[in-house]
Amino acid sequence: MQTRTLAPDERGIAAAAQLIADGQLVAIPTETVYGLAGDARNGAAVARIFEAKGRPSFNPLIVHVADAQAAQTYGDWCDMADRLAQAFWPGPLTLVLPLRADAGLSPLVTAGQNSVALRAPAHPIARALLKASGAPLAAPSANLSGGISPTRPQHVAQGLSGRIAAILDGGPCEVGVESTIIALTGEPTLLRPGGLPIEAIEDALGARLALRSEDSAITAPGQMASHYAPNATMRLNAKHAREGETLLGFGGTPGAALDLSVSGDLIEAAAALFDHLHALDAGGASAIAVAPIPDHGLGRAINDRLRRAAAPKDH
Ligand code: TXA
Ligand code: MG
C-alpha cells in the first residue's frame, strides 16, 4: 500500500474523510500525539488499526468526537462528565463512561467491554476531519506497537509508511504526551496521567481522584476474563464440535453455527469476534468450540482474546 501525505487544507481533509468513509486508516494530528484514525463504527476499519500497529492483543481504543453532544450518543453522560467536558473539552482529556447500548460502535473498539473512552481533541485539523467525516474516530497513537508515540508526521511515516492509506500533515503536536484518562464508571478514577494536569481536574471536580493504573484496569488477566468471557465454556483449536457444543468456525468450517470469516480473512474475523461471541451467548450456547485460527497477524490478537475468554472464570 502506498501511503499518501495529505495537506491540511480543504482538499486534504475531504480526501481523508473519503478514506475514513471507505474504512481506510488515516494518521491525524491531535494536540497530544498523532493518532491512527478509523471509523469506530466499522469493525473492519478498527481491525485494520490493530493490524497496522502490529498489536498482538486488542486493547480498547479512544473514540474521538467533536464535542460533548456527540460523546453523549456513545457514553452514558453524568454531571461529572458534564463538568469536566465544559472545563477541558476540546482538549487532552479522555473520559471513560458506561457504553450506551445503542452506541453503534464496533465491539472491537471497546474490546467487548461495557465502557467506552471518549475524547474531543482540540487540534483544528482533527476537528475539521471529525466534522467532514461525521464519524466517531477510533485512534490510538500512530506508531507500531511498542514504539514511541509520534509527535510529527515524519515519526508516523517511519513506523507506518506502506501500512496505512494516508497521513494528514499537521506539523508537530503541541502537547506531545497522550491525554489524561479519567474513568467515570464509578468514583472518578485516574487511569493514565497525561497532557492535562491532575490538579486541574481535581479542582474542576471539587474532589480527589482515585488512582488505578490503566494496565490493572484493562489487562489484569482476572479482570479480562470476567469482562470478555461468554457464559458458555470454551474449547479452542477444535476441528469439529463434540456432543452439546456449538461450533464457531473460521475459513468456512463445516458445521459451524457462525463463522468468523468464511473466506479466512483475519481482518474480517477480528471485526466479527466479539459480535459472534455475544451472539452465541445470547443464543444460549452452553459450550462453544472454536476452530483453529492461524497465529499470525491479527490472528495472534484473536487467539489472545480467545485464550482469555476460555480461561477459568474467577466468579
Ligand atoms: O492523546 C491520546 O489519548 C492519543 C491521541 C491520538 O488522542 N490516543 C491514545 O490512544 O493515546 P491509545 O489507544 O494509545 O490509548 C488508549 C488508552 C489505553 O491505554 C486504554 O487502556 C485506555 O485508553 N482505554 C481505552 N478504552 C478504555 C476503557 N473502556 N476503559 C479503560 N481504559 C480504556
Ligand atoms: Mg500508544
Participant: Can you list the residues that meet the side chain to side chain contact (heavy atoms under 4.5 Å, CB included) rule with Ala81, with sequence neighbours excluded?
Facilitator: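 For Ala81, the residues satisfying side chain to side chain contact (heavy atoms under 4.5 Å, CB included) (neighbours in sequence not counted) are Trp77, Cys78, Leu95, Leu97, Leu184.
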Participant: Side-chain donor-acceptor contacts of residues 17-27 below 3.5 Å, not counting sequence neighbours, with atom names and distances?
Facilitator:
| residue | atom | partner | partner atom | Å |
| --- | --- | --- | --- | --- |
| Gln18 | NE2 | Asp22 | OD1 | 3.1 |

Participant: For Ser263 and Ser261, indicate whether the former's side chain and the latter's backbone hold a donor-acceptor pair under 3.5 Å.
Facilitator: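 Judged by distance alone, no pair lies under 3.5 Å.
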Participant: Which distance, rounded to the nearest 0.5 Å, do you find between the CD of Glu174 and the OG1 of Thr30?
Facilitator: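 Reported to 0.5 Å precision, the distance equals 10.0 Å.
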Participant: Between Asp9 and Arg11, does any side-chain N to carboxylate O distance fall below 4.0 Å?
Facilitator: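 No, no charged N to carboxylate O under 4.0 Å.
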Participant: Using modelled atom types only, decide if a donor and an acceptor are shared between the side chain of Arg4 and the backbone of Ala166 within a distance under 3.5 Å.
Facilitator: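 Checked: no pair found.
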Participant: Flag yes if more than 12 heavy atoms outside Glu202 fall under 6.0 Å of its CD atom; otherwise flag no.
Facilitator: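 Counting neighbours around CD of Glu202, more than 12 heavy atoms of other residues, nucleotides or ligands fall under 6.0 Å, so yes.
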Participant: Donor-acceptor pair, Thr180 side chain versus Leu196 backbone, under 3.5 Å?
Facilitator: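 Confirmed, Thr180 side chain pairs with Leu196 backbone.
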Participant: Please check: side-chain N/O of Arg48 versus main-chain N/O of Ile267, any donor-acceptor pairing under 3.5 Å?
Facilitator: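 Checked: no pair found.
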Participant: With a 4.5 Å heavy-atom cut-off, do Leu130 and Pro121 have their side chains touching?
Facilitator: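 A side-chain contact exists here, since the closest heavy-atom pair is under 4.5 Å.
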Participant: How about Pro92 and Glu178: do any of their side-chain heavy atoms sit closer than 4.5 Å?
Facilitator: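 With C-beta onward as the side chain, the pair stays apart.
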Participant: What verdict does the side chain to side chain contact (heavy atoms under 4.5 Å, CB included) test give for Leu168 and Tyr34, after you've listed the backbone C-alpha separation in whole Å, the side-chain angles of each residue and the deciding distance to 0.1 Å?
Facilitator: CA-CA 9 Å; Leu168 198 46; Tyr34 272 76; 6.0 Å; no
Participant: Where the side chain of Arg127 meets the backbone of Ala66, is there a donor-acceptor pair that is under 3.5 Å apart?
Facilitator: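 Confirmed, Arg127 side chain pairs with Ala66 backbone.
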Participant: Using a 6.0 Å cut-off, check whether atom CZ of Arg83 has over 12 heavy atoms from anything other than its own residue.
Facilitator: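 Yes, the 6.0 Å shell around CZ holds more than 12 heavy atoms from other groups.
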Participant: Verify side chain to side chain contact (heavy atoms under 4.5 Å, CB included) between Leu205 and Met80, making sure each step is shown before the conclusion.
Facilitator: CA-CA 7 Å; Leu205 281 179; Met80 281 187 289; 3.7 Å; yes
Participant: Mark yes or no for whether Asp259, through its side chain, and Gly251, through its backbone, hold a donor-acceptor pair below 3.5 Å.
Facilitator: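 Looks like yes, one N/O pair under 3.5 Å.
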Participant: Please report the interatomic distance CD(Glu187) to CG(Leu209), rounded to the nearest 0.5 Å.
Facilitator: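 The CG atom of Leu209 is 9.5 Å from CD of Glu187, to the nearest 0.5 Å.
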Participant: Considering residues at least two apart in sequence or located in another chain, which fulfil the side chain to side chain contact (heavy atoms under 4.5 Å, CB included) criterion with Ala204?
Facilitator: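 Here the qualifying residues are Leu84, Ala87, Phe88.
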Participant: Could Arg119 and Glu31 be called an ion pair, given the rule that one side-chain N must be under 4.0 Å from one carboxylate O?
Facilitator: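 Answer for the salt bridge query: yes.
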Participant: Measure the spacing between CD1 of Ile49 and CG of Asn42 and express it to the nearest 0.5 Å.
Facilitator: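 Nearest 0.5 Å value for the CD1-CG distance: 9.5 Å.
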Participant: I would like to know whether Leu144 and Arg163 meet side chain to side chain contact (heavy atoms under 4.5 Å, CB included); could you show each step before the answer?
Facilitator: CA-CA 10 Å; Leu144 288 173; Arg163 302 173 72 93; 3.7 Å; yes
Participant: Taking atom CG of Asp102 as the centre, does the number of heavy atoms from other residues, nucleotides or ligands within less than 6.0 Å exceed 12?
Facilitator: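 Yes, enclosed.
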Participant: Quick one: are Trp89 and Leu118 in side-chain contact, heavy atoms under 4.5 Å?
Facilitator: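 Contact flag for Trp89/Leu118 side chains = yes.
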Participant: Whether the side chain of Asp281 engages the backbone of Asn231 through a donor-acceptor N/O pair (distance < 3.5 Å, no angle test) should be reported.
Facilitator: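 Flag set: sc Asp281 to bb Asn231 pair under 3.5 Å.
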Participant: Could you give the distance from OG1 (Thr246) to CG (Leu280), rounded to the nearest 0.5 Å?
Facilitator: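 These two atoms lie 6.5 Å from each other.
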Participant: Does the side chain of Phe250 come within less than 4.5 Å of Val290's, by heavy atoms?
Facilitator: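 A side-chain contact under 4.5 Å is absent here.
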Participant: Evaluate side chain to side chain contact (heavy atoms under 4.5 Å, CB included) for Gln113 paired with Leu99, printing each intermediate quantity in order.
Facilitator: CA-CA 8 Å; Gln113 300 188 105; Leu99 176 68; over 6 Å; no
Participant: Under 3.5 Å, side chain of Thr3 to main-chain N/O of Gly162, donor-acceptor pair present?
Facilitator: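 Side chain of Thr3 to backbone of Gly162: a pair is present.
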Participant: Any luck finding a side-chain donor-acceptor pair between Ser141 and Asn143 under 3.5 Å?
Facilitator: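 Per modelled atom types, Ser141 and Asn143 side chains form a pair under 3.5 Å.
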Participant: Roughly how far, to the nearest 0.5 Å, is the CG atom of Leu298 from the CZ atom of Phe50?
Facilitator: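 Result: 8.5 Å between the selected atoms.
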Participant: With a sphere of 6.0 Å drawn around CZ of Arg300, does it hold more than 12 non-hydrogen atoms of other residues, nucleotides or ligands?
Facilitator: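 No - once you tally the heavy atoms of other residues, nucleotides and ligands closer than 6.0 Å, there are 12 at most.
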Participant: Any non-hydrogen side-chain atom of Ser179 less than 4.5 Å from a side-chain atom of Ile62?
Facilitator: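 They are in side-chain contact.
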Participant: Quick one, Leu190 and Ile182 - any side-chain contact, counting heavy atoms below 4.5 Å?
Facilitator: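 Yes. Closest side-chain heavy atoms under 4.5 Å.
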Participant: Identify the residue among Asn114, Val96, Asp76 that makes a side chain to side chain contact (heavy atoms under 4.5 Å, CB included) with Thr185.
Facilitator: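 Answer to the side chain to side chain contact (heavy atoms under 4.5 Å, CB included) test with Thr185 among Asn114, Val96, Asp76: Val96.
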Participant: Measure the CG-OG distance between Leu61 and Ser106 for me, rounded to the nearest 0.5 Å.
Facilitator: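 The CG atom of Leu61 sits 9.0 Å away from the OG atom of Ser106.
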Participant: Can any side-chain N or O of Ser161 pair as donor or acceptor with the backbone N or O of Gln158 at less than 3.5 Å?
Facilitator: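 Checking the backbone N and O of Gln158 against the side chain of Ser161, no donor-acceptor pair under 3.5 Å is found.
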Participant: Only one of Ile293, Leu266, Leu277 passes side chain to side chain contact (heavy atoms under 4.5 Å, CB included) with Leu260; say which it is.
Facilitator: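 For Leu260, the side chain to side chain contact (heavy atoms under 4.5 Å, CB included) check succeeds only for Ile293.
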